[in-house]
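Just the heavy atoms: all of them, side chains too, but no hydrogens, waters or symmetry mates, feed the values below.
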Amino acid sequence: MTGTLVNTGAIIVGSSIGLLIKKALPERYETIYFQAVGLFTLLLGVKMSLDISSPLLVVLSLVLGGFAGVWLRLSEKVDRLGEYVKTKTGSKNDRFTEGLTTGFLLFCMGSMTIVGCIEEGFGKTSDLLLTKSIMDFFSSIMLASALGIGILFSSVAVLLFQGGITLFVSVAGRDIPAEIISEITVTGGIILIGLSLILLKIKQIEIINMLPALLFICLFVWMKLLWGG
């Protein structure tokens, strides 16, 4: 898990630098900053979702994933967790939960995360996650300077998410089909498009409730391959 640990450390260091910058950043710059980040997130999400090969399975995964998220009250639980951590740390940042959610989605929804964790899980190489660490380092500086300490705490979610994938792959002991990786990336891209709408203040979407879609798309594509579809 070298790559994941380095990645987590890079986010922590980058976020810490961003928090220092935040103190010197005039508030009038925040609006244009979020517009820039929102547009970039939109572009990234569209780019990731263009390689879709099983649109019906992706739509079904998003719908069922959304239903599961609502049933599990994921969004409410994340909000309560954010408020709990915010209270315990004495943070006065009104955008703590937004930062936590945004950081996790931006750092974890890309194909580099999935492929990198799989490669590391099989003991092949950590190069992809190490490269991602450099990118996340600079991204976390900018994000933390605008969204605050929530970005720093998103490093915990990154550690659990990436570490979980790496450990699962190492235990499973077999290659994961490229089709599954591709459709996970597409689904993650659509979720990022939803996040961009929030950042641009176009539409408030319960994006956290859609995260179970990532599990559903894995299941559906695996079933499709199993049945020779």
Self-check item: Contact check, side chains of T185 and D51, non-hydrogen atoms, under 4.5 Å
Solution: no
Exercise. Kindly determine whether L199 and E98 satisfy side chain to side chain contact (heavy atoms under 4.5 Å, CB included), including the steps that lead there.
Key: CA-CA 9 Å; L199 292 174; E98 182 181 355; 4.0 Å; yes
Quiz item: If we only count heavy atoms from C-beta on, is the F137 to V13 side-chain gap below 4.5 Å?
Solution: yes
Quiz item: Would you call T2 and E120 a side-chain contact if the rule is heavy atoms closer than 4.5 Å?
Solution: yes
Quiz item: If every non-hydrogen atom of A144 is compared with every non-hydrogen atom of S15, which pair is closest and at what distance?
Solution: CB-O, 3.4 Å
Quiz item: Do S154 side-chain atoms and I151 backbone N/O form a donor-acceptor pair below 3.5 Å?
Solution: yes
Exercise. Kindly determine whether L106 and L143 satisfy side chain to side chain contact (heavy atoms under 4.5 Å, CB included), including the steps that lead there.
Key: CA-CA 10 Å; L106 286 178; L143 289 170; 3.8 Å; yes
Quiz item: Counting only N and O atoms by type, is there a donor-acceptor contact under 3.5 Å from the side chain of D136 to the main-chain atoms of I11?
Solution: no
Quiz item: For I12, which of V156, L152, V158, I17 qualifies under side chain to side chain contact (heavy atoms under 4.5 Å, CB included)?
Solution: L152
Practice problem: Identify whether I181 and L226 are in the same connected component of the hydrophobic contact network (ILVMFWY, side-chain heavy atoms under 4.5 Å). | Solution: yes
Quiz prompt | Closest contact, heavy atoms only, A68 versus F216 | solution = CB-CE1, 4.0 Å
Quiz item: Could you walk me through whether K132 and N7 pass the side chain to side chain contact (heavy atoms under 4.5 Å, CB included) check?
Solution: CA-CA 7 Å; K132 177 177 174 293; N7 199 173; 2.7 Å; yes
Quiz item: Is there any ring-ring contact (aromatic ring centres under 6.0 Å, His included) pair reaching into residues 138-167, and which pairs are they, with sequence neighbours excluded?
Solution: F96-F153, F104-F161
Quiz item: Pairs in or reaching into residues 210-220: which pass side chain to side chain donor-acceptor pair (under 3.5 Å), with residues at least two apart or in two chains?
Solution: none
Quiz prompt | Donor-acceptor contact below 3.5 Å, side chain K77 vs main chain L72 | solution = yes
Self-check item: Listed partners of E119 passing salt bridge (charged side-chain N to carboxylate O under 4.0 Å, His left out), at least two apart
Solution: none
Quiz item: Is the shortest heavy-atom distance from the side chain of F220 to the side chain of L56 under 4.5 Å?
Solution: no
Exercise. Might you point out which heavy atoms bring G116 and L128 nearest each other, and give the distance in Å?
Key: N-CD2, 3.6 Å
Quiz item: Looking only at heavy atoms, which two atoms of G3 and S126 are closest? And how far apart?
Solution: N-OG, 3.9 Å
Quiz prompt | Cluster overlap I180 with F122, hydrophobic side-chain contacts below 4.5 Å | solution = yes
Practice problem: Consider only side-chain heavy atoms of I, L, V, M, F, W and Y, link residues closer than 4.5 Å, and tell whether L64 and V70 are in one cluster. | Solution: no
Self-check item: Euclidean distance, M109 CE relative to I193 CD1, rounded to 0.5 Å
Solution: 13.5 Å
Exercise. Might you point out which heavy atoms bring L192 and G45 nearest each other, and give the distance in Å?
Key: CB-CA, 4.0 Å
Quiz item: With no hydrogens and no angle check, is any side-chain donor or acceptor of S182 less than 3.5 Å from a backbone partner on A178?
Solution: no
Quiz item: Are any side-chain N or O atoms of S49 and backbone N or O atoms of V46, one a donor and one an acceptor, separated by less than 3.5 Å?
Solution: yes
Quiz item: Below 4.5 Å, heavy atoms only, C-beta onward: do V37 and M142 meet side chain to side chain?
Solution: no
Quiz item: Is there a side-chain contact between M48 and I190, using heavy atoms and a 4.5 Å cut-off?
Solution: no
Quiz item: Do you reckon W222 sits in the same ILVMFWY cluster as V58, going by side-chain contacts under 4.5 Å, direct or chained?
Solution: yes
Quiz item: Are any non-hydrogen side-chain atoms of F107 and S155 less than 4.5 angstrom apart?
Solution: no
Quiz item: Would a hydrophobic clustering, with Ile, Leu, Val, Met, Phe, Trp and Tyr connected at side-chain separations under 4.5 Å, put V63 with L214?
Solution: yes
Practice problem: Enter the distance from L159:CG to T8:OG1 here, rounded to the nearest 0.5 Å. | Solution: 4.5 Å
Quiz prompt | Rounded distance [0.5 Å steps], CD in E206 versus CG in L74 | solution = 10.0 Å
Quiz item: Is the closest side-chain heavy-atom distance between I184 and C218 below 4.5 Å?
Solution: yes
Quiz item: At their closest point, which heavy atom of K224 faces which heavy atom of S54, and how far apart are they?
Solution: NZ-OG, 3.0 Å
Exercise. Assess whether side chain to side chain contact (heavy atoms under 4.5 Å, CB included) is satisfied between K203 and I198, documenting all intermediate values.
Key: CA-CA 6 Å; K203 180 69 175 179; I198 296 174; over 6 Å; no
Exercise. Output the distance between atom CG (L44) and atom CZ (F40), rounded to the nearest 0.5 Å.
Key: 5.0 Å
Quiz item: For I217, does its backbone N or O pair with a side-chain atom of S61 as donor and acceptor, under 3.5 Å?
Solution: yes
Exercise. Can you measure from CD1 (I52) to OG1 (T187) and round to the nearest 0.5 angstrom?
Key: 7.5 Å
Quiz item: Could you state the interatomic distance from CG (L167) to SG (C117), rounded to the nearest 0.5 Å?
Solution: 9.5 Å
